[in-house]
Amino acid sequence: MASSTALWSFALVVGLLTLTPGLDSALILRTAALGRRTRAWGVVLGIQTGTLIWGALTSLGVTALLTASHLAYETLRWAGAAYLLWMAVRMIAETFRRDGTGAHAEVEAGGADTLSGGWRQGTLTNLLNPKVGVFYVAVLPQFIPAEAPHFAMGLALTSVHVVLGMLWSTVLIASATALGTWLRGPRARRALDRVTGTVIGAFAVRLAVTD
């Protein structure tokens, strides 16, 4: 397989994956809909940082430990499930505590509008999801030509995923911003947080119970 063919083929696979609604999309949409564009972009950068790390580790062969070691996979799986469940419970609980008028409530609703805060959240969400690592272990090597430098080609393929993720995130943030005025109303914000919290909680439960 030629390198150019591998890049285009991998782009098709991860492109379809990127367009599939999931945890990342829910987190980006919710953050942007609350009017926190800076934090939303931080979340995007964090998610893509996690993707790049998974791709680099896979290219080095490190993430093969997740498939070879049951203990390593289980530890990361439960840590990820606990983090997502904590995020979901906190998100839903805040909708019952805030009245939508105080500054403190505004901050708690979506976190401070900072790039670093969003980046930490996005990075943790991605890195604590072992299924991303397992996906890369299973898929990435199949698109690396035998004659190509393994690490460099792995990073090139991962970069394709990152670029597609950034493009799709731009669409998500623009869409959420367009509806921002309506979505930032007290009732709509509570509904948004409860729906997003439920989605994230469902991902946490699925991660916990899926072997």
Side-chain angles (χ1 to χ4, degrees), residues 1-29 31-32 39-81 83-84 115-116 118-174 203 206-207 210-211:
M1 181 189 299
S3 296
S4 58
T5 303
L7 289 170
W8 282 109
S9 301
F10 187 73
L12 177 61
V13 173
V14 295
L16 294 173
L17 179 67
T18 299
L19 293 175
T20 302
L23 175 61
D24 292 349
S25 299
L27 190 58
I28 294 168
L29 281 171
T31 306
R39 186 180 179 90
W41 277 112
V43 170
V44 172
L45 292 176
I47 290 170
Q48 301 313 324
T49 297
T51 299
L52 193 59
I53 291 174
W54 279 120
L57 291 177
T58 301
S59 301
L60 289 171
V62 176
T63 48
L65 292 173
L66 286 176
T67 57
S69 172
H70 181 70
L71 177 61
Y73 180 83
E74 287 298 299
T75 300
L76 188 58
R77 181 166 71 93
W78 283 106
Y83 173 72
L84 293 178
L115 194 70
S116 60
W119 180 83
R120 286 193 298 271
Q121 187 178 34
T123 303
L124 278 174
T125 300
N126 189 282
L127 290 181
L128 288 177
N129 186 354
K131 294 190 176 183
V132 179
V134 172
F135 168 81
Y136 264 85
V137 169
V139 175
L140 191 67
Q142 300 182 43
F143 291 89
I144 299 179
E147 69 279 1
H150 199 277
F151 183 71
M153 189 63 189
L155 285 184
L157 291 169
T158 304
S159 297
V160 170
H161 193 181
V162 169
V163 170
L164 291 176
M166 292 291 291
L167 292 174
W168 179 237
S169 296
T170 301
V171 174
L172 293 178
I173 291 176
F203 273 102
R206 182 181 178 185
L207 184 59
T210 302
D211 187 358

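Computed from a predicted model, the values in this text were never measured in an experiment.
By the 4.5 Å heavy-atom criterion applied to side chains, L140 and F135 are not counted as neighbours. Proximity of W41 to T31: side-chain heavy atoms (C-beta onward) are nowhere separated by under 4.5 Å.
Taking CD1 of I28 as the start and CD of Q121 as the end, the distance is 10.5 Å to the nearest 0.5 Å. For the atom pair CG of L45 and CG of L52, the computed distance is 11.5 Å after rounding to the nearest 0.5 Å. With values rounded to the nearest 0.5 angstrom, F143 atom CZ is found 8.0 Å from L12 atom CG. Between the CG atom of N129 and the CG atom of L124 there is a distance of 12.0 Å, given to the nearest 0.5 Å. For the atom pair M166 CE and T170 OG1, the distance stands at 6.0 Å (nearest 0.5 Å).
Across L29 and L172, no two heavy atoms sit closer than the pair CD2-O, 3.5 Å. The shortest heavy-atom contact between I47 and N126 is O-ND2, 3.4 Å.
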Test side-chain contact (heavy atoms from CB on, under 4.5 Å) applied to W54 and L127, step by step: CA-CA 8 Å; W54 279 120; L127 290 181; 3.8 Å; yes

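Applying the ring pair (Phe, Tyr, Trp, His ring centres under 6.0 Å) criterion to F203, with sequence neighbours excluded, gives no partner residue. Looking at residues two or more places apart in sequence or on another chain, you find a side chain to side chain contact (heavy atoms under 4.5 Å, CB included) between T75 and L71. Shown here are the side-chain hydrogen bond (donor to acceptor under 3.5 Å, both in side chains) partners of S169, two or more places apart in sequence or in another chain: there are none. Every residue two or more places apart in sequence or in another chain that forms a side-chain hydrogen bond (donor to acceptor under 3.5 Å, both in side chains) with W119 is listed here: T49. Residues satisfying the side chain to side chain contact (heavy atoms under 4.5 Å, CB included) test with A79, not counting sequence neighbours, are L128. Under the side chain to side chain contact (heavy atoms under 4.5 Å, CB included) criterion, L167 pairs with V163, sequence neighbours left out. Residues satisfying the side chain to side chain contact (heavy atoms under 4.5 Å, CB included) test with W78, not counting sequence neighbours, are E74, A208.
T123 places a side-chain N or O within 3.5 Å of a backbone atom of G46 that can act as its donor or acceptor partner.
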Would you mind writing out the side-chain donor-acceptor pairs for residues 19-27 within the sub-3.5 Å range, not counting sequence neighbours?
{"unit_1": "T20", "atom_1": "OG1", "unit_2": "L16", "atom_2": "O", "d": "2.8"}

Just list the side-chain donor-acceptor pairs under 3.5 Å for residues 149-158, sequence neighbours left out, or say none.
{"unit_1": "H150", "atom_1": "ND1", "unit_2": "S59", "atom_2": "O", "d": "3.1"}
{"unit_1": "T158", "atom_1": "OG1", "unit_2": "G154", "atom_2": "O", "d": "2.8"}

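Classified by interplanar angle (parallel below 30°, tilted 30° to 60°, perpendicular above 60°), the ring pair F10/H161 is perpendicular.
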